[in-house]
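For the single chain, residues carry numbers from 1 onward in sequence order. Scope of the values below: all heavy atoms of this structure, side chains included, with no hydrogens, waters or symmetry mates. This is a predicted model, so every value here is computed, not measured.
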Amino acid sequence: MRTHTESETNTVDDEPNRPAPTGDEMRQAVVHGCVTVGFAIAALLVAAASSDGVRTALIIAAPVIMLVGALTALWRTYRNWKRGGKWQVWQGASWFLLATFVIFLFGTGPVLVS
């Protein structure tokens, strides 16, 4: 029977604050994308039923929610890349959310200008 040396069994990273790989990055990325898009759509739906001041604030908030979600996904991409995880999944989520951010931005822009 072969015994393992300490260097072979030690999988602890140099940085203790780094999150451990979980293996379910795909589920987390899909949930992150759905929640982000859901909050942005909810902001637009509430804006449609609101008065002028609240309506303007929520119309501005919807693209901001999308941008924050996209930047968060980009941050998760970087963290997964640094620890050797499945960063490609998060990069895909980032691109999806960035594209959706542009759609929300151009969709709400004419409403704000008028």
Side-chain angles (χ1 to χ4, degrees):
M1 181 176 268
R2 181 178 171 203
T3 59
H4 296 283
T5 63
E6 183 179 338
S7 63
E8 290 176 344
T9 58
N10 189 6
T11 59
V12 177
D13 293 330
D14 294 337
E15 297 179 33
N17 294 332
R18 207 180 273 178
T22 59
D24 59 349
E25 286 94 356
M26 177 65 116
R27 181 183 58 82
Q28 291 175 358
V30 169
V31 168
H32 177 81
C34 290
V35 167
T36 301
V37 171
F39 274 122
I41 289 174
L44 287 178
L45 291 175
V46 172
S50 298
S51 63
D52 289 337
V54 175
R55 180 175 183 246
T56 302
L58 288 172
I59 288 174
I60 292 171
V64 171
I65 291 169
M66 292 302 301
L67 181 61
V68 169
L71 293 175
T72 304
L74 284 168
W75 178 248
R76 295 284 303 261
T77 302
Y78 172 73
R79 288 178 47 195
N80 276 324
W81 172 74
K82 283 295 271 187
R83 73 169 189 239
K86 294 180 181 177
W87 59 271
Q88 295 91 344
V89 172
W90 282 102
Q91 186 179 27
S94 301
W95 279 114
F96 168 74
L97 290 173
L98 284 170
T100 310
F101 159 70
V102 170
I103 292 169
F104 268 72
L105 187 64
F106 286 122
T108 58
V111 176
L112 292 173
V113 174
S114 63

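- Taking Ile, Leu, Val, Met, Phe, Trp and Tyr as hydrophobic and joining them when side-chain heavy atoms fall under 4.5 Å apart, one finds V54 in a cluster with V46, L58.
- Across all non-hydrogen atoms, the minimal contact from A73 to L97 is CB-CD1, 4.2 Å.
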| field | Verdict with supporting geometry, H32 and R76, side chain to side chain contact (heavy atoms under 4.5 Å, CB included) | value | CA-CA 11 Å; H32 177 81; R76 295 284 303 261; 5.9 Å; no
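- The hydrophobic clustering, which links ILVMFWY residues whose side-chain heavy atoms are closer than 4.5 Å, places V89 and V31 apart.
- Between the S94 side chain and the L74 main chain, a donor and an acceptor come within less than 3.5 Å of each other.
- With values rounded to the nearest 0.5 angstrom, F101 atom CZ is found 13.0 Å from T36 atom OG1.
- With sequence neighbours excluded, the residues that form a side-chain contact (heavy atoms from CB on, under 4.5 Å) with T100 are V37, M66, F96, F104.
- Across N80 and W90, no two heavy atoms sit closer than the pair ND2-CD1, 2.7 Å.
- Residue pairs meeting the salt bridge (charged side-chain N to carboxylate O under 4.0 Å, His left out) criterion with at least one member in residues 27-53, sequence neighbours excluded: D24-R27.
- Atom CD1 of I60 sits about 11.0 Å away from atom CG of L105, to the nearest 0.5 Å.
- Across every non-hydrogen atom of T108 and L44, the tightest pair is CG2-CD2, 3.9 Å.
- In the hydrophobic clustering of this structure, V68 does not group with Y78; members are Ile, Leu, Val, Met, Phe, Trp, Tyr whose side-chain heavy atoms approach within less than 4.5 Å, directly or through other members.
- Among all heavy-atom pairs drawn from W87 and W81, the shortest one is CB-N, 3.6 Å.
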